[in-house]
Student: 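For reference, the structure I am asking about is given below.
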Amino acid sequence: MKDAFGTPQSLLVLGGTSEIALATARRLVARRTRTVWLAGRPSPALDRAAAELRDMGADARTVAFDALDSEAHEVTLGKVFAEGDIDMVLMAFGILGDQARDEDEPLSAVRVAQTNYTGAVSAGLICARALQSQGHGSLVVLSSVAGERARRSNFIYGSSKAGLDAFAQGLGDALHGTGVHVMVVRPGFVRSKMTKGMAEAPMATTPEAVALAIETGLRRRSETVWVPGALRLVMSALRHVPRPVFRRLPV
């Protein structure tokens, strides 16, 4: 259960090497989170992340998880929840892809869609059911402003995030009143390893800033969090720009 300060005592991260997820985990462990599961593909990076959280005082464990292996999700995630209640699930896995390559190689585009959307649908439904069985918990879904409106420069990634965002919103509505809280997080351009070498977009943010927004959103039981907050107004305006005009915008 969450403590008096709204901090989850136990955390499951799907996408255990995500910089945003780890910044969030560090922040929560510093507050009072004591048990952390890092789910991801086995790697030295996953092991290092768990070791860092253990050094901070958490009982941090790793579990093998592959977003593309939906058939294994039921068993993998079931084992985690069988170990005890999970107060918060942070769904943070995803890939950016390469727009130019993915347009030429449809199977690469399919991999983006399967990772960012199909894998999230599978894992999200399984975790939601487990949280509902507990009668409490938060499911935090890392979406993106890219899902608000498809852009020529990244419409494959953006479309996968649009699907994820719609799914998470609908799931939140379905779980309303059950004791399970779903929060959708929509960051803009995040300075991270995933975006290294890319031209920085306006209002760029950091994993640490997103982590702070997640913590604040949890405390407020927000349903949608924009990072930075000003992007909400920007995207609201862009959403209504006529398509012939939108095509010519440098976005």
Student: Could you check H181 against L139 for side-chain contact (heavy atoms from CB on, under 4.5 Å), going step by step and ending with a plain yes or no?
Tutor: CA-CA 6 Å; H181 166 225; L139 174 61; over 6 Å; no
Student: Would you give me the side-chain donor-acceptor pairs under 3.5 Å for residues 46-59, sequence neighbours excluded?
Tutor:
residue : atom : partner : partner atom : Å
R54     : NH1  : A60     : O            : 2.6
D59     : OD2  : R61     : NE           : 3.3
D59     : OD2  : R61     : NH2          : 2.9

Student: Find the distance between CG (L142) and CZ (R186) and round it off to the nearest 0.5 Å.
Tutor: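 Reported value, rounded in 0.5 Å steps: 12.5 Å.
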Student: If the plane angle is over 60° it's perpendicular, under 30° parallel, otherwise tilted; pick one for F93 and F65.
Tutor: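 If you compare the ring of F93 with that of F65, the planes turn out tilted.
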Student: List for me each residue that meets side chain to side chain donor-acceptor pair (under 3.5 Å) alongside E74, sequence neighbours excluded, and say none if there are none.
Tutor: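 With neighbours one apart ignored, the set is R129.
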Student: Enumerate donor-acceptor pairs with a distance under 3.5 Å from any side-chain N or O in residues 204-215 to protein atoms, sequence neighbours excluded.
Tutor:
residue : atom : partner : partner atom : Å
T206    : OG1  : A209    : N            : 3.1
E215    : OE1  : R27     : NE           : 2.5
E215    : OE2  : R31     : NE           : 3.1

Student: Please list all pairs passing the salt bridge (charged side-chain N to carboxylate O under 4.0 Å, His left out) test where one or both residues lie in residues 11-25, with sequence neighbours left out.
Tutor: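 Output for this query is empty, none listed.
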Student: Just jot down the side chain to side chain donor-acceptor pair (under 3.5 Å) partners of D102, sequence neighbours excluded, or say none.
Tutor: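 D102 satisfies side chain to side chain donor-acceptor pair (under 3.5 Å) with no other residue.
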Student: Does this structure show an ion pair linking E103 with R152, if we count only N-O contacts that are shorter than 4.0 Å?
Tutor: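 Looking at E103 and R152, the cut-off is met.
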Student: Run through L28, L22, V29, T24 and flag the one making a side chain to side chain contact (heavy atoms under 4.5 Å, CB included) with R26.
Tutor: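 One option only clears the test, and that one is L22.
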Student: Could you list who else is in V112's hydrophobic cluster, with ILVMFWY side chains joined at under 4.5 Å, directly or through other members?
Tutor: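 In the cluster with V112 are I95, F155, I156.
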Student: Using side-chain heavy atoms (C-beta onward) and a distance below 4.5 Å, is E223 in contact with M183?
Tutor: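 They are not in contact (no side-chain heavy atoms under 4.5 Å apart), so the answer is no.
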